[in-house]
2 protein chains.
Amino acid sequence: MAFTDASLVALRVFREVAERGTLTAAATALGYTQSAVSRQIAALERAAGVELLERRHDGVRLTTAGRLVLRRAAVVVDEIDAGTRELAGLPDDESTVRLGWFATAGAWLVPRALMALGRTHPSITVITREGSTPALVRALRAGTLDVALIASAPPFRAPDDETPALEVDTLVERSLRVAVPAVHPLARNDYIDVEDLRGQRWISGPGDPWVMGVWPGLGERPVVAHTARDWLAKLQLVAAGFGITTIPASLVAVAPAGVRVLPVRGGPAEQRRVLLARLPGPVPEPVARLAAALRAVVVETE
Amino acid sequence: MAFTDASLVALRVFREVAERGTLTAAATALGYTQSAVSRQIAALERAAGVELLERRHDGVRLTTAGRLVLRRAAVVVDEIDAGTRELAGLPDDESTVRLGWFATAGAWLVPRALMALGRTHPSITVITREGSTPALVRALRAGTLDVALIASAPPFRAPDDETPALEVDTLVERSLRVAVPAVHPLARNDYIDVEDLRGQRWISGPGDPWVMGVWPGLGERPVVAHTARDWLAKLQLVAAGFGITTIPASLVAVAPAGVRVLPVRGGPAEQRRVLLARLPGPVPEPVARLAAALRAVVVETE
DNA sequence: TGAAGGCCATGACATCTCCGCATACCTGGA
DNA sequence: TCCAGGTATGCGGAGATGTCATGGCCTTCA
């Protein structure tokens, strides 16, 4: 048994696992049982003669050998898929870009950029997908995305520490702001003093409230009145006066009526970056066009 | 069932079939039965939804779809093999060149070039294989050879008519000569008149005697006393006085004692070319070095 | 501290795939 | 007409690959 005896199915499954970070998730994505995926991976590892995955309590991570195999698997699977299209007489998808984005980018940046790109380069097809930073990074490494918009907060670490390092480009850096109800006392000024944020009722995202939704560094356990993943929901909750929340400056333009978005003074600067990440290597022309469109939107919203 | 469901084994088998030109030959090369190969190909065709091979009485030929699939299969199989080496911790075989050659080139050109290359570029490994022109061309197309030495006779047609056309480079063009026993009456002069070739006893290669071994265009049924595939055998037969044979000028240097190699005057010029062929695309540096070494040998033997 | 819920591995079993063997079939050449 | 060289195919056994059900491990939360 050698790596030569690996099966295409196993390679496909492996790529999916690498992208999802979990055997179970990969299984449901592929319409398999978790058991089947487990066995496929086991078979692939037997063929490779090495552990490809590091099992952890919350899923799996690629080992060094796993990353090697992933690169090969991505090429192989892509080649097979390209052959499939070719046999079907479909055009080469050279003009299709697969873009991933973090939730916030979907509210303004992505649609604007796609509109602009559609006007200037109607021949470019863009397929997009929302995802968390780890999910997007995994998808880039698995070759399932060409490019991804990623959010980054201080201390602005690289999205992952694998090799080869992703090529990361800062699209924009802005200060974090706070969204308050228009009728809220804090809405009277054109800015908010950081001290006034203490004791407020917060609307945060799901999970760790410090991660998203609550002003960082307040040092107190925040009062989280509501949690919501969706920006529209959050902002409507704010508009209705149920609390306040942090918001990136880029969403100012789409804040609904009844919401004021204000900068915060005092305390350390809370910068947020929007990154454009992709695997190192030559940049296909459609990808460059899309990147340019994204940059243009950022600049004109400046 | 879609091309997506093709199996790696099937792709490997298919490449071998494309290279050998015969299911049976591919089977023995792979250690399979002909039956297994036939089924694998059938399965691949079912997956592709198209006939990949045109069945002929003397073997198979690739259809248009077959050529498409072959290109993909070569990439995929190479990728898997590269992954295998990588996992085994072996170095990337970037510095290995796979060279194919026709029988005559093995007597002088290939060993000389390898010696020279070994002196100037000891880090380059060359793996070689002898084969007929069709076999070499198929191997190039299957991605099993990087470059091949091919013999060519008038009217100097391209080695095949598939697309993309092979990149062919004429290494040398020389006139065909005749090897006669040193004691033969024809050996008295420094050349032979074409008329004197009539009625001679010939030592030809196997198969059609006009193809190799007998002077072309004599218009008579030649008297073939012996047939031999091997140059050493042929030349020793000549030396022993059992007949005469045609010989490319490049072998003059290795003709044994008792044999004279003479040019022929009169009649149309019988030119023979040695070609260097490879798939179109970028030329890896080691391949370029090898080509240079081959050219150098040709020039210095001029 | 115990229950729940996320993850992965694995034994049991049904099914399908794939190979070798033997054989049938086709075609061109002696 | 027979032979030689090719490919296709029915048959049976071995192995690969799914599902189901279960078990173990870890973290979280009440």
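Here is the naming used below: chain letters follow the sequence lines, and residue numbers restart at 1 for every chain.
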Distance (rounded to the nearest 0.5 Å) between B:Leu30 CG and B:Gln40 CD: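 These two atoms lie 10.0 Å from each other.
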A:Arg71 CZ to A:Leu279 CG distance, which is reported to the nearest 0.5 Å: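 Here the rounded value is 9.0 Å.
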Touch class at under 4.0 angstrom, heavy-atom based, for B:Val37 against every strand present: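 Contact class for B:Val37: none.
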Taking all non-hydrogen atoms of both residues into account, name the closest pair between [X] and [Y] and its distance.
| X | Y | value |
| --- | --- | --- |
| B:Glu19 | B:Ala139 | OE2-CB, 3.5 Å |
| A:Gly59 | A:Thr22 | CA-OG1, 4.3 Å |
| A:Ile244 | A:Val178 | CD1-CG1, 4.1 Å |
| A:Ser38 | A:Leu23 | CA-CD1, 3.7 Å |

What integer distance in Å separates [X]:[atom1] from [N]:[atom2]?
| X | N | atom1 | atom2 | answer |
| --- | --- | --- | --- | --- |
| B:Glu51 | D:dA8 | CD | P | 9 Å |
| B:Leu44 | C:dT17 | CG | P | 15 Å |
| B:Leu52 | D:dA8 | CG | P | 12 Å |
| B:Leu8 | C:dC18 | CG | C1' | 15 Å |
| B:Leu30 | C:dG20 | CG | C1' | 15 Å |
| B:Arg20 | D:dT7 | CZ | C1' | 18 Å |
| B:Arg46 | D:dT9 | CZ | P | 11 Å |
| A:Arg12 | D:dT17 | CZ | P | 15 Å |

Flag, side chain of A:Glu86 to backbone of B:Arg72, donor-acceptor distance under 3.5 Å: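 Judged by distance alone, no pair lies under 3.5 Å.
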B:Trp101 and B:Thr128 side chains, donor-acceptor separation under 3.5 Å: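 Judged by distance alone, the side chains do pair up.
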Any side-chain donor near an acceptor of the partner, B:Glu51 and B:Thr63, under 3.5 Å: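 Checked: B:Glu51/B:Thr63 side chains show no N/O donor-acceptor pair below 3.5 Å.
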Please write out the pairs of protein N or O atoms and N or O atoms of nucleotides 4-10 of chain C separated by less than 3.5 Å, giving the distance to one decimal.
from, atom 1, to, atom 2, distance (Å)
C:dC8, OP1, A:Leu23, N, 2.6
C:dC8, OP2, A:Thr24, N, 3.0
C:dC8, OP2, A:Thr24, OG1, 2.5
C:dA9, OP1, A:Arg55, NE, 2.4
C:dA9, OP1, A:Arg55, NH2, 2.8
C:dA9, OP2, A:Ser38, OG, 2.9
C:dA9, N7, A:Gln34, NE2, 3.2
C:dA9, N6, A:Gln34, OE1, 3.2
C:dT10, O4, A:Ser35, OG, 3.2

Between the first and last five pairs of the helix from C:dT1-D:dA30 to C:dA30-D:dT1, the angle of the axes, rounded to 10 degrees: 10°
